[in-house]
**Student:** 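The structure that follows is given in the form of structure tokens.
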Amino acid sequence: MTLVALAGGTGKLGRIIRSVIEAEPGYELSAVLTSASELTELDGADLVVDATNYEASERILAAALERGANVLVGTSGWSADRIERIRPAVERAGTGVVFVPNFSLGSVIGSAIAATASRFFDSAEIIEAHRDTKVDSPSGTAVRTAEMIGAARETPVSAPNADQPARGTLVAGVPVHSLRRPGVIAQQQTIMSGPGESLTILHDTSDSASAYAPGIRVALAGAASASGVTVGLEHFLDLGLGA
């Protein structure tokens, strides 16, 4: 039995993760932390699942490492640079930390396909849309997709006039544009263009709980036995795609 402490268990994502943990054999909730909770509630957990915000996530991750627990991070704001800064602490602790920008299998697959396909196009841009209550932008999924595109390519993406604010935020050299509006749950388009053609990879979430549950189960299993730092749910899936 894996004892799980869930931080942020009363938020939108936290409630979905909690329902999966409670229904999944082999896992037992040892604590559900809110913003008013003491970090001592992490004591005794084999796995800490973080679904809070970046500022709280830093403290929770540090506290989990001190206790020798593995960590599953579903919180936005962990850029590649920030993850690299905590890698030495994870190695010293001898535990495993898994960062999952998006638990949707469709989103993960779409990002992996975009990274592979981008090698064959000069231009790549990302447009992501979320509900108007989402406070951070760009989304963690868009940042992760852009980083994957940047890592997969031998040459930088063509992004003319990228210094102009209207051209979006550059992430790993890829322009990312964020929309925040009512009536949307989560949507991402990766648009790649070359001479005479373009390719758009679109992922649309219509129901968060249904979309995230399969990926959460994969992430829980992967994080419980992980060692070192892992970024992205794709590392626990056999996608059959080239890097």
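What you are looking at is a predicted structure, and each value in this text was computed from that prediction instead of being measured.
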**Student:** How long is the gap from CD1 on I109 to CD1 on I201, to the nearest 0.5 Å?
**Tutor:** 11.5 Å
**Student:** Quick check: does any side chain N or O of S139 sit under 3.5 Å from a backbone N or O of A142, one acting as donor and the other as acceptor?
**Tutor:** yes
**Student:** Would a distance-only check, ignoring hydrogens and angles, find a side-chain to backbone donor-acceptor pair under 3.5 Å from T75 to T52?
**Tutor:** yes
**Student:** Identify the two heavy atoms, one from A114 and one from T190, that lie closest to each other, and give their separation to 0.1 Å.
**Tutor:** CB-CG2, 3.9 Å
**Student:** Cluster question for you: counting only ILVMFWY and a side-chain heavy-atom cut-off of under 4.5 Å, with indirect links fine, are L3 and I21 together?
**Tutor:** no
**Student:** Evaluate the criterion side-chain contact (heavy atoms from CB on, under 4.5 Å) for residue pair V49 and Y27; output intermediate values, then yes/no.
**Tutor:** CA-CA 12 Å; V49 180; Y27 300 91; over 6 Å; no
**Student:** Does R82 use its side chain to pair, donor to acceptor, with the backbone of G77 at less than 3.5 Å?
**Tutor:** yes
**Student:** Test N102 against every option in T141, T205, T145 by the side-chain hydrogen bond (donor to acceptor under 3.5 Å, both in side chains) rule and name the one that passes.
**Tutor:** T141
**Student:** Do the side chain of R15 and the main chain of T10 share a donor and acceptor less than 3.5 angstrom apart?
**Tutor:** yes
**Student:** Does the side chain of V97 come within less than 4.5 Å of L65's, by heavy atoms?
**Tutor:** yes
**Student:** For the backbone of Q164 and the side chain of N161, can you confirm whether one donor and one acceptor N or O come within less than 3.5 Å of each other?
**Tutor:** no
**Student:** Under a 4.5 Å side-chain heavy-atom rule over Ile, Leu, Val, Met, Phe, Trp and Tyr, are M148 and V174 clustered together?
**Tutor:** no
**Student:** How far does CD of E22 sit from CD of E28, to the nearest 0.5 angstrom?
**Tutor:** 10.5 Å
**Student:** With D43, which residues qualify under salt bridge (charged side-chain N to carboxylate O under 4.0 Å, His left out), at least two apart?
**Tutor:** R67
**Student:** Residues two or more places apart in sequence or in another chain: which of them pass ring-ring contact (aromatic ring centres under 6.0 Å, His included) with F103?
**Tutor:** none
**Student:** Crowded around E84 CD? As in, over 12 foreign heavy atoms under 6.0 Å?
**Tutor:** yes
**Student:** Ignoring hydrogens, what is the shortest heavy-atom contact between V157 and G173? Give both atom names and the distance.
**Tutor:** CB-O, 3.9 Å
**Student:** Start with the C-alpha gap between S178 and K134, add the side-chain angles, then the distance that decides, and say whether side-chain contact (heavy atoms from CB on, under 4.5 Å) holds.
**Tutor:** CA-CA 11 Å; S178 297; K134 183 174 177 63; over 6 Å; no
**Student:** Atom OG in S137, atom CD in E128: separation rounded to 0.5 Å?
**Tutor:** 7.0 Å
**Student:** Does any N or O in the side chain of R119 come within less than 3.5 Å of the main-chain N or O of A152, such that one atom is a donor and the other an acceptor?
**Tutor:** no
**Student:** Looking at every non-hydrogen atom in both residues, tell me the closest pair between P175 and L170 and how far apart they are.
**Tutor:** N-CD2, 3.7 Å
**Student:** Considering non-hydrogen atoms only, spot the tightest contact between G74 and L13 and give its length.
**Tutor:** O-CD2, 3.5 Å
**Student:** If hydrophobic clusters are built by linking Ile, Leu, Val, Met, Phe, Trp and Tyr wherever their side-chain heavy atoms come under 4.5 Å apart, do I16 and V100 end up in the same one?
**Tutor:** yes
**Student:** Can you find a side-chain donor-acceptor pair between D81 and S79 that sits under 3.5 Å?
**Tutor:** no
**Student:** Do L42 and L33 touch side chain to side chain, with heavy atoms closer than 4.5 Å?
**Tutor:** yes
**Student:** Does the side-chain contact (heavy atoms from CB on, under 4.5 Å) test come out yes or no for S111 and V108, once each step is laid out?
**Tutor:** CA-CA 5 Å; S111 294; V108 171; 6.0 Å; no
**Student:** Could you pull out the closest heavy-atom pair between A124 and M192, with the gap in Å?
**Tutor:** CB-CG, 3.9 Å
**Student:** Count I, L, V, M, F, W, Y as connected when their side-chain heavy atoms are under 4.5 Å apart, and connections chain through other members. Are L6 and V98 then in the same cluster?
**Tutor:** yes
**Student:** Would you check if there is a donor-acceptor pair between the side chains of D46 and T2 at a distance under 3.5 Å?
**Tutor:** no
**Student:** Aromatic rings W78 and Y54: how do their planes relate, parallel, tilted or perpendicular, breaks at 30° and 60°?
**Tutor:** perpendicular
**Student:** At what distance, to the nearest 0.5 angstrom, does CD of Q187 lie from CD1 of I127?
**Tutor:** 9.0 Å
**Student:** Is the closest side-chain heavy-atom distance between R153 and S118 below 4.5 Å?
**Tutor:** yes
**Student:** Give the intermediate values and the outcome of side-chain contact (heavy atoms from CB on, under 4.5 Å) for residues V143 and V176.
**Tutor:** CA-CA 8 Å; V143 169; V176 180; over 6 Å; no
**Student:** Does the side chain of F99 come within less than 4.5 Å of L61's, by heavy atoms?
**Tutor:** yes
**Student:** Which pair of heavy atoms, one from A146 and one from I126, lies closest together, and at what distance?
**Tutor:** N-CD1, 3.7 Å
**Student:** In terms of hydrophobic clusters joined by side-chain contacts under 4.5 Å, are I113 and L199 together?
**Tutor:** yes
**Student:** What pairs of donor and acceptor atoms, side-chain ones from residues 212-236 against any protein atom, are under 3.5 angstrom apart with sequence neighbours left out?
**Tutor:**
from, atom 1, to, atom 2, distance (Å)
S225, OG, A221, O, 3.4
E234, OE2, R144, NH2, 2.5
H235, NE2, V231, O, 3.0

**Student:** Could you grab the distance from atom OG1 of T133 to atom CZ of R181, nearest 0.5 Å is fine?
**Tutor:** 13.5 Å
**Student:** Using 0.5 Å steps for rounding, measure from the CG atom of L239 to the OG1 atom of T116.
**Tutor:** 9.0 Å
